[in-house]
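This report refers to the structure that appears directly beneath it.
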2 protein chains.
Amino acid sequence: MNSSRPVTIKDIARRFRCSPSTVSRALNDHPAINEDTRKNIQEYAREVGYQRNEVSLSLLNKKTASLGVVVPTISNYYETAVIEGLHTVLQPMGYTLNICVTNESYLLEKESLSKLLSNRTEGIFLSVSQETYDAGYYEHLEHVIQRKTPLIFIDREYEDFETSRATVDDYHGAFAAVEHLISIGYKQIAHLKGPNGLTVSEQRFKGYINCLKKYNMPIREDLILNTNFNVESAILPTKRLLELASPPDAIFGVNDQVAIGAMRVAKDKGLRIPQDIGLVGFDNSPISAYTFPSLTTVHRPGRKIGMEASRLFLNQLNGSGDFAPESIVLPSELVIRESSLRI
Amino acid sequence: MNSSRPVTIKDIARRFRCSPSTVSRALNDHPAINEDTRKNIQEYAREVGYQRNEVSLSLLNKKTASLGVVVPTISNYYETAVIEGLHTVLQPMGYTLNICVTNESYLLEKESLSKLLSNRTEGIFLSVSQETYDAGYYEHLEHVIQRKTPLIFIDREYEDFETSRATVDDYHGAFAAVEHLISIGYKQIAHLKGPNGLTVSEQRFKGYINCLKKYNMPIREDLILNTNFNVESAILPTKRLLELASPPDAIFGVNDQVAIGAMRVAKDKGLRIPQDIGLVGFDNSPISAYTFPSLTTVHRPGRKIGMEASRLFLNQLNGSGDFAPESIVLPSELVIRESSLRI
DNA sequence: ATATTGAATGCAAACGTTTGAAAAAATTTC
DNA sequence: GAAATTTTTTCAAACGTTTGCATTCAATAT
């Protein structure tokens with residue numbers, strides 16, 4: 001009843017005046033155990049609420065069935081979608097997910113990884129923090145690799161690193177978005193870029209630039225401003241854009257949040273969307289379908305990424321010694337809605 | 001180099017022809033160890049990348065420094081804010097968070113709890129799944145309590161249960177929201193209610209009802225419809241509301257998502273917000289400030305809840321044997337924006 | 001009656017670490 | 001140089017579980 005200390009196999013053994021081995025085997029339905037003994041022990045175990053101490057098993061078998069997920073934040077739709085994807089595949093297999101939020105801090109990222117290794121986590125899913133990017137440090141990642149702990153990049157990656165990764169085709173997504181704006185007839189397309197250096201930002205930026213080039217459209221430096229992935233960070237840059245002598249007639253935001261911020265500013269200024277200004281985001285977050293007007297965006301399959309990343313992890317785990325890292329790039333998909341459909 | 005098997009204390013002991021005890025003490029800066037021995041061992045350990053096996057320590061000390069977080073979903077703003085709050089307090093103390101998503105399933109919730117107990121998790125933060133509510137089962141929770149594992153309710157709770165809990169004052173938040181609508185002059189206030197049975201839904205509903213009563217406003221059954229916390233689920237009910245012979249002139253949504261769904265439908269119908277119809281949500285999610293018009297809502301301090309829940313856990317952990325559960329109810333706060341400001 | 005079989009159980013080691021107590025080694029004291 | 005003291009190291013047990021091998025005991029076969 002007031003079992004503050006959990007019941008152990010030894011306790012049960014004492015109760016039945018038998019050895020722990022017998023109890024262990026009885027509980028695991030080992031054939032060499034007498035039917036009656038088995039029944040009695042199992043019944044008693046249930047009665048007192050015995051639960052196997054998995055910690056001791058982890059030590060014995062050197063398997064912890066726990067995985068690390070290290071991400072800069074969990075307050076974005078995409079991140080949580082990825083985590084749900086991981087969860088969907090791995091939870092039924094008995095894995096536990098240890099979530100570590102780095103808040104874009106290098107130090108926290110380093111400490112998190114170290115902690116996960118100490119805990120003998122069997123694999124790590126990582127989306128690199130911005131500070132880590134800026135600093136360019138990566139010894140903490142080397143550590144993980146040396147330990148032969150499967151390391152899978154999700155979303156934000158180090159490009160020159162020999163590991164598996166599951167990412168979305170940001171480049172072509174961005175390209176398609178801008179191409180769409182061009183096809184509609186927008187001429188001065190601005191880009192609210194993400195933080196410099198991050199693969200995600202740069203790939204989308206590259207898609208934007210290359211698309212403009214392909215269609216021989218001028219690239220105007222003053223139409224490219226940085227944001228920080230969140231709504232607030234889009235407000236000032238958008239205001240600046242709209243106050244230009246020659247303002248843009250369309251804005252491609254690095255993600256939906258940013259595009260929604262831009263939408264808000266444009267509307268405040270009395271601009272009609274999409275007539276006066278076209279808008280495109282990125283992510284296809286649930287809200288994007290319900291803004292007014294609804295937001296044209298690029299679908300980014302977060303759940304799928306999580307599920308693919310799980311697959312990559314399992315491959316690596318069951319793979320032979322000389323393991324070749326895999327890169328999965330899922331296609332992104334343009335979702336055309338009202339915010340860009342000027343007729 | 002190719003250290004597939006992690007280096008152990010024993011390995012180091014072999015290398016220095018000394019006992020594991022010496023190595024352990026050397027690494028922990030035990031004073032009884034010779035200065036030179038200590039230095040040599042520490043240096044070597046660093047060289048080969050030794051990392052303490054925390055699993056063995058967990059077994060020895062019966063402390064795992066891991067906590068369970070069991071929630072129906074992580075794709076809502078509020079849930080992730082709570083998790084970030086937990087993380088903020090507990091991560092620096094060395095705790096690891098094991099996230100379990102139940103997808104509103106009773107079975108998954110039960111299995112998750114059982115797994116966490118098996119893993120000797122030191123505390124569990126729980127937001128009850130809807131199925132569990134509907135079914136009214138709670139033996140799996142009794143289990144947790146019997147084990148004297150601190151159980152803290154966050155968000156969704158069982159009311160008749162002797163545990164600590166950190167929740168937001170939904171009732172008064174809802175009351176304030178409706179009172180505000182009334183003060184502005186709205187007469188026919190509809191409510192897009194959450195799923196029946198959940199404390200959250202019912203408390204907000206009660207706030208709505210009691211406020212109407214207080215101001216002697218008629219309670220119209222046809223103005224109360226159920227939704228499911230997400231945007232999509234608000235679409236049809238809102239359409240129905242607006243097609244009534246005597247449609248509402250304001251809608252109080254159970255959360256921001258629902259209110260945003262309603263906003264979209266209202267705009268599609270050509271209604272002006274807030275002139276033709278007033279709107280209020282709940283949560284103060286980041287997006288709510290940037291919709292057009294911006295959404296009046298009730299602030300729900302998710303991060304704070306997470307931090308308070310952490311405190312409750314720590315209290316219980318350090319508390320004496322006869323522990324009295326604490327209930328923390330944080331105030332919610334009306335945030336008035338454009339969607340309800342009819343002049 | 002003895003050997004043979006078979007069933008049921010126990011022993012001991014292992015996983016990696018810590019820690020009190022004992023032992024060994026080095027140093028000091030007289 | 002022996003005794004006393006201090007410093008340093010080792011021993012052994014513990015945490016909870018599993019598992020190959022050995023052991024026990026009863027039943028059957030010879």
Side-chain angles (χ1 to χ4, degrees), chain A residues 3-42 44-45 48-66 94 115 117-122 147, chain B residues 3-42 44-45 48-66 94 115 117-122 147:
Chain A
S3 52
S4 130
R5 190 178 61 88
V7 180
T8 72
I9 267 190
K10 286 186 187 175
D11 296 329
I12 302 181
R14 240 188 313 275
R15 161 75 173 65
F16 282 91
R17 288 186 223 296
C18 69
S19 73
S21 339
T22 303
V23 177
S24 169
R25 287 196 251 258
L27 293 174
N28 292 321
D29 288 324
H30 193 284
I33 293 293
N34 182 286
E35 184 67 9
D36 286 344
T37 322
R38 212 204 63 200
K39 263 192 195 156
N40 288 335
I41 290 183
Q42 289 194 350
Y44 180 75
V48 296
Y50 169 79
Q51 251 172 329
R52 233 238 260 43
N53 184 334
E54 293 287 347
V55 177
S56 75
L57 259 199
S58 294
L59 182 59
L60 187 62
N61 298 334
K62 305 183 178 208
K63 291 201 173 165
T64 55
S66 75
K115 187 119 193 299
L117 287 181
S118 267
N119 288 336
R120 299 298 188 262
T121 300
E122 291 181 41
R147 268 291 184 63
Chain B
S3 51
S4 131
R5 188 178 62 90
V7 180
T8 73
I9 267 191
K10 287 186 187 175
D11 296 329
I12 302 182
R14 241 188 312 275
R15 159 77 172 64
F16 281 92
R17 287 186 223 294
C18 69
S19 73
S21 340
T22 304
V23 178
S24 168
R25 293 198 166 100
L27 292 174
N28 292 323
D29 288 324
H30 193 284
I33 293 294
N34 183 283
E35 184 68 6
D36 286 344
T37 324
R38 212 206 63 200
K39 263 192 194 157
N40 288 334
I41 290 182
Q42 289 194 351
Y44 180 74
V48 298
Y50 169 79
Q51 250 171 329
R52 192 130 96 311
N53 184 334
E54 294 286 347
V55 177
S56 75
L57 260 199
S58 293
L59 181 59
L60 187 60
N61 299 333
K62 304 181 178 211
K63 291 202 174 164
T64 55
S66 75
K115 187 118 192 298
L117 288 181
S118 267
N119 288 336
R120 298 301 186 260
T121 300
E122 292 181 39
R147 268 293 183 62

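Given the structure is predicted, the values throughout are model-derived calculations rather than measurements.
- The distance between atom CG of N40(A) and atom C1' of dT9(C), rounded to the nearest whole Å, is 15 Å.
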Sugar-phosphate or base contact per nucleotide [nucleotides 16-21 of chain D; S, B, -; heavy atom under 4.0 Å]: BBBBB-
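- Not counting sequence neighbours, the partners of D29(A) by the side chain to side chain contact (heavy atoms under 4.5 Å, CB included) test are R38(A), Q42(A).
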Below 3.5 Å between N/O atoms, which protein atoms pair up with nucleotides 4-6 of chain D? Just atom names and distances, please.
none

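- With values rounded to the nearest 0.5 angstrom, H30(B) atom NE2 is found 5.0 Å from R25(B) atom CZ.
- Backbone-only engagement by T37(A) is indicated by non-hydrogen atom pairs under 4.0 Å involving sugar-phosphate atoms exclusively.
- As rounded to whole Å, 14 Å separates atom C1' of dA26(C) from atom CG of D36(B).
- Y50(B) pairs by the ring pair (Phe, Tyr, Trp, His ring centres under 6.0 Å) definition with nothing, not counting sequence neighbours.
- Spacing between atom CZ of R38(A) and atom C1' of dT9(C) amounts to 16 Å, rounded to whole angstrom units.
- To the nearest 0.5 Å, the span separating CG on L117(A) from CZ on R147(A) amounts to 5.0 Å.
- Residues that satisfy the side-chain hydrogen bond (donor to acceptor under 3.5 Å, both in side chains) test with S56(B), not counting sequence neighbours, are absent from this structure.
- Note on the helix from dA1(C)-dT30(D) to dC30(C)-dG1(D): terminal axis deviation equals 70°, with five pairs used at each end and the result rounded to 10°.
- dC25(D) atom P lies 17 Å from atom CD1 of I33(A), rounded to whole Å.
- In this view, T8(A) and R5(A), K10(A), D11(A) satisfy the side chain to side chain contact (heavy atoms under 4.5 Å, CB included) rule, not counting sequence neighbours.
- Checked against side chain to side chain contact (heavy atoms under 4.5 Å, CB included), T64(B) has the following partners two or more places apart in sequence or in another chain: V55(A), S58(B), S66(B), R120(B), E122(B).
- One interatomic measurement links the two molecules: CZ of F16(A) to P of dA8(C), which rounds to 17 Å at whole-angstrom precision.
- Per the geometry, NZ belonging to K39(A) stands 14 Å off P belonging to dA8(C), to the nearest Å.
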Stepwise side-chain contact (heavy atoms from CB on, under 4.5 Å) check, F16(B) with V23(B): CA-CA 9 Å; F16(B) 281 92; V23(B) 178; 5.8 Å; no
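- Residues passing the side chain to side chain contact (heavy atoms under 4.5 Å, CB included) test with T37(A) are T22(A), I33(A), N34(A), I41(A), sequence neighbours excluded.
- Taking the side-chain hydrogen bond (donor to acceptor under 3.5 Å, both in side chains) definition, one finds that S21(A) meets it with S19(A), sequence neighbours left out.
- Evaluation of the salt bridge (charged side-chain N to carboxylate O under 4.0 Å, His left out) test over residues 53-65 of chain A, restricted to residues two or more places apart or in two chains, returns R52(A)-E54(A).
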